[in-house]
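Here is the structure we will look at.
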Amino acid sequence: MNKTVTVILLVVGVVLLGYGIYTLIAPETSFSLGDLSIETQDNTNAYITIALGLVAVALGYIGGKKTKY
């Protein structure tokens with residue numbers, strides 16, 4: 001695999017992993033009324049983003065390990 005493609009895959013994978021972890025941790029909506037505080041969160045998209053990031057990093061790593069004959 002071309003070295004440029006490998007680097008792009010690694011960078012995109014790391015960015016996707018970071019964004020996925022951020023969306024997993026940060027609450028989406030919050031409501032506060034006096035002492036009552038409610039936070040809701042939907043993590044479905046965060047898991048998909050993390051999985052895509054892992055796939056991109058793995059492809060970049062595998063592509064960088066191949067030797068040319």
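Since this is a predicted model, take the numbers as computed values, not measurements.
Taking both residues in full, the closest heavy atoms of Thr23 and Ala46 are given as OG1-CB, 3.3 Å, listed atom of the first, atom of the second, then distance.
In the hydrophobic cluster analysis, where Ile, Leu, Val, Met, Phe, Trp and Tyr join through side-chain heavy atoms closer than 4.5 angstrom, Leu54 is grouped together with Leu24. Taking hydrophobic clusters as Ile, Leu, Val, Met, Phe, Trp and Tyr residues chained together by side-chain heavy-atom distances below 4.5 Å, Tyr19 does not share a cluster with Val14. Two different hydrophobic clusters hold Val12 and Val57 under the rule that ILVMFWY side chains link at heavy-atom gaps under 4.5 Å.
Considering only heavy atoms from C-beta on, Leu17 comes within 4.5 Å of Ile50 through its side chain. With contacts defined as side-chain heavy-atom distances shorter than 4.5 Å, the pair Thr6/Tyr61 does not qualify.
Taking CG of Leu52 as the reference point, atom OH of Tyr47 lies at 15.0 Å (rounded to 0.5 Å). Summarising the geometry, atom CD1 belonging to Ile48 is positioned 12.0 Å from atom CG belonging to Leu16; distances are rounded to the nearest 0.5 Å.
Checking Val7, Ile8, Leu9 one by one against Val5, the side chain to side chain contact (heavy atoms under 4.5 Å, CB included) holds for a single residue, Leu9.
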